[in-house]
Amino acid sequence: MFIRQTVKILLLIFLLALLTAVTQTGGIVLLCTIGIIFFFRKRLSSSWKIYLSGTVVFILLYTISNFTIVPLAAKHFGRVPLPLRGRVKPLNIGTCLLNRHYVRPALRDVVMKSYQVLDSKYSGCTVNYLDAGFPFYNGFPLLPHLSHNDGRKLDLAFFYKDKNGKPLNDAPSAIGYGVYESPRGSEVNYAERCTSKGYWQYGVMEQIVPQRNKPDYIFDAARTAALVNILSANKSVEKIFIEPHLKRRLGLPSPKIRFHGCQAVRHDDHVHVQVY
Ligand SMILES: [Zn+2]
């Protein structure tokens, strides 16, 4: 009995930590769920009814709070959610379900204005964003990112086209990371350099993310370069990270575009932009 209770408590602590690390609000929602289920425990006659009801209550509470309470509360922390739909949208809706789409208002303005400028040149394009930040507290890490902890940073997906040159509005990786536009021939190869220095994590996403879509998605250098140039021309933008071989290949002149360091991960699958 004692061992069973201890295992249950440890499992609960693990679940709370996991939900908090992945979504920031999930742990609190779980505690609320436990409180509700405890209140109604006498009406739930068996343990499977308790777990089933708990799961349903958690999903309902989490989903409803994500779209109502969380965006309102985030305002007090100087964060706003990026759009869920439209021409600036998450590549994967999971980004929003996990609360990873919150930024400072200045960064949202940068993205929305950049999209408008880009659209005037490439009508009908869609800017797909990846991980941004959590809604609350500076310094709360958005794992596995090193720096996405203050609403000032956002990752954007590259643009792609199909084999016939038709622009596509999604990406070969379902999560936007891990399908690389690798260095060619004599191009500078930081993936090799960093890996040879022992930074095993630098290109690890390629081992995790399925590569089956890669042949059907051709890197759209023109639209990606246009987006990076528009972003770098914005006075609010402090830094942009993209892999050095792509900075050269695309002829990106801005000194704001820098190498992120071997302690990070490859940036030839996405653009990282951050504001002051
Ligand atoms: Zn980033």
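Both backbone and side-chain heavy atoms feed into the values below; hydrogens, waters and symmetry mates do not. Atoms within a ligand are numbered from 1 in the order they appear, just like the ligands themselves. Starting from 1, each residue takes its place in the sequence as its number.
Within His148, NE2 is the N, O or S atom that lies nearest to the Zn ion (ligand 1). Nearest N, O or S atom of Asp155 to the Zn ion (ligand 1): atom OD1.
Between Glu181 and the choices Arg266, Lys214, Arg249, the salt bridge (Lys or Arg N to Asp or Glu O under 4.0 Å) rule is met once, by Arg249.
Below 30°, between 30° and 60°, or above 60°: for Phe158 and Tyr160 the angle between ring planes is between 30° and 60°, a tilted geometry.
Taking 2.8 Å as the threshold, His272 counts as a candidate ligand of the Zn ion (ligand 1), since one of its N, O or S atoms lies below it.
Under the 3.5 Å distance criterion, with hydrogens and angles disregarded, no donor-acceptor pair is assigned to the side chains of Asn128 and Asp170.
Around the OH atom of Tyr51, the shell of radius 6.0 Å holds no more than 12 heavy atoms that belong to other residues, nucleotides or ligands.
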